[in-house]
Amino acid sequence: MATSLASQLSVGLRRPSPKLDSLNSQSTHSLFHSNLRLPISSSKPSRSVIAMAGSGKFFVGGNWKCNGTKDSISKLVADLNSAKLEPDVDVVVAPPFVYIDQVKNSITDRIEVSAQNSWVSKGGAFTGEISVEQLKDHGVKWVILGHSERRHIIGEKDEFIGKKAAYALTEGLGVIACIGELLEEREAGKTFDVCFQQLKAYADAVPSWDNIVIAYEPVWAIGTGKVASPEQAQEVHAAIRDWLQKNVSAEVAPKTRIIYGGSVNGGNSFELAKKEDIDGFLVGGASLKGPEFATIINSVTSKKVAA
Ligand code: PGA
């Protein structure tokens, strides 16, 4: 093995990393946010937890992207409806627009429906777009915005994404606000710069952070099978929470869910979920398989301690 764990983990990160080969929660605390880790027990969580810097409920979203047919989606919904899901997790699925109605009419109330995109303002003469009002008309509660596929394939820019988030929030949708760096940005040491710039675009636009879940999705990990290591993900999540504390507020930082996305599956979710700043997942490929998605949802048990 040529590269040490420490050098692998710190590749591309701009700030000096803590001693990552002996990484533990203490070193992460002192690096990023020594005054954020107030004892969670003081806020009386509904369950005993370990390893949670945030105070929000675990959140798992399934991003079905441009996949599925009426038949495959009806099977997926049936699998999800019959799955045994841990109660203390917010679960959301994001079907393609044309299947939202089908899903909404057949899926258990336990699972909320999200859109994968929404228009930046009130509907009207915008060919091919879907408005927030139309989504609400179908009982949609969430929208994914700023996904890397929309940033890098469709060409959406930070400011436009910020405006979309602001509009959706103002109209009462929850926003899964995606951020994340490209491989070349990580290798150039720009991971934090990129993430913070994308965060700032949301912060500059949104009226409130009450209904925002941040999804950190390193682009090099999306759909590639190359999942970020738990330590790599934790390092960026902790930095994001620190950024929120410094640039939004000390109140918003712990309560905002910061979820990880990028090749999450039933085999790696339990280790990732153990990390204190990982508050859930945004799942692509593995969310198309009902039983595996249920396993990922249930990785919340990694955060529980035996009574
Ligand atoms: P993946 O996609 O799980 O297939 O990597 C994640 C995402 O794009 O949200």
Side-chain angles (χ1 to χ4, degrees), residues 58-68 72-73 76 79-80 89-97 99-100 103 111-118 140-156 161 164-165 168 174-183 185-186 191 194-195 198-199 202 212-230 232-233 236-237 240 257-273 275 278-300:
F58 205 70
F59 184 106
V60 178
N63 176 8
W64 296 354
K65 307 193 179 181
C66 188
N67 291 296
S72 72
I73 284 174
L76 179 51
D79 285 347
L80 292 173
V89 185
D90 285 337
V91 184
V92 168
V93 293
F97 286 131
Y99 300 113
I100 282 178
V103 172
I111 300 179
E112 300 279 18
V113 174
S114 172
Q116 298 175 19
N117 185 28
S118 58
V140 168
K141 294 281 161 47
W142 290 89
V143 60
I144 298 171
L145 293 173
H147 191 279
S148 72
E149 285 146 18
R150 296 207 63 86
R151 290 178 187 272
H152 299 296
I153 303 174
I154 317 287
E156 291 190 10
I161 296 163
K164 283 187 170 189
V175 169
I176 301 170
C178 303
I179 61 169
E181 81 287 359
L182 296 162
L183 181 60
E185 291 166 338
R186 173 163 281 259
T191 295
V194 170
C195 290
Q198 293 172 351
L199 280 174
Y202 289 114
I212 301 181
V213 170
I214 297 173
Y216 169 59
E217 301 202 295
V219 183
W220 48 270
I222 295 179
T224 58
K226 284 187 203 144
V227 64
S229 70
Q232 282 176 317
V236 181
H237 282 228
I240 292 167
R257 271 86 57 94
I258 306 171
I259 63 176
Y260 169 79
S263 297
V264 175
N265 61 38
N268 57 33
S269 57
F270 284 76
E271 286 306 308
L272 285 160
K275 291 296 177 187
I278 297 183
D279 303 322
F281 301 111
L282 185 56
V283 187
S287 73
L288 297 170
K289 297 170 220 156
E292 184 165 10
F293 188 57
T295 300
I296 296 168
I297 293 163
N298 292 339
S299 66
V300 69

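Atoms within each ligand, like the ligands themselves, are counted from 1 in listed order.
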Check whether any side-chain N or O of E112 sits under 3.5 Å from a backbone N or O of V92 as a donor-acceptor pair, and report yes or no.
no

Which label fits F59 and W142: parallel for a plane angle under 30°, tilted from 30 to 60°, or perpendicular past 60°?
perpendicular

Report yes if G261 has an N/O atom closer than 3.5 Å to an N/O atom of ligand 1; otherwise report no.
no

Flag, side chain of Q198 to backbone of G180, donor-acceptor distance under 3.5 Å
yes

Is any N or O atom of K65, backbone or side chain, closer than 3.5 Å to an N or O atom of ligand 1?
yes

Where ligand 1 meets H147 - atom numbers and elements under 4.0 angstrom, heavy-atom basis:
7 (C), 8 (O), 9 (O)

If we ignore hydrogens and angles and just use 3.5 Å, is the side chain of S263 paired with the main-chain N or O of A221 as donor and acceptor?
yes

Using a 4.0 Å cutoff against the non-hydrogen atoms of N63, which atoms of ligand 1 qualify?
9 (O)

Using a 4.5 Å cut-off on heavy atoms from C-beta on, say whether the side chain of L145 contacts that of N117.
yes

List every atom of ligand 1 that sits less than 4.0 Å from any heavy atom of A221, numbering the atoms from 1 in the order shown and giving each element.
5 (O)

Would you say H237's side chain and I258's backbone share a donor-acceptor pair under 3.5 angstrom?
yes

Considering heavy atoms of the protein only, find what lies nearest to atom 9 (O) of ligand 1 and give residue, atom and distance to 0.1 Å.
E217 OE2, 2.6 Å

In terms of atom number and element, which parts of ligand 1 are under 4.0 angstrom from non-hydrogen atoms of G262?
5 (O)

min-distance protein heavy atom vs atom 3 (O) of ligand 1 -> G284 N, 2.8 Å

So, Y202 side chain and C178 main chain: donor-acceptor pair closer than 3.5 Å or not?
yes

Contacting atoms of ligand 1, where contact means under 4.0 angstrom from a heavy atom of G223
1 (P), 4 (O), 5 (O)

Counting both backbone and side chain atoms, is some N or O of T224 under 3.5 Å from an N or O of ligand 1?
no

Ignoring angles and geometry beyond distance, decide whether G285 reaches within less than 3.5 Å of ligand 1 through its nitrogen or oxygen atoms.
yes

When you measure from the side chain of R151 to the backbone of G146, do you find a donor-acceptor pair of N or O atoms at a distance under 3.5 Å?
yes

Using a strict cut-off of 4.0 Å, indicate which atoms of ligand 1 neighbour a heavy atom of L282.
9 (O)

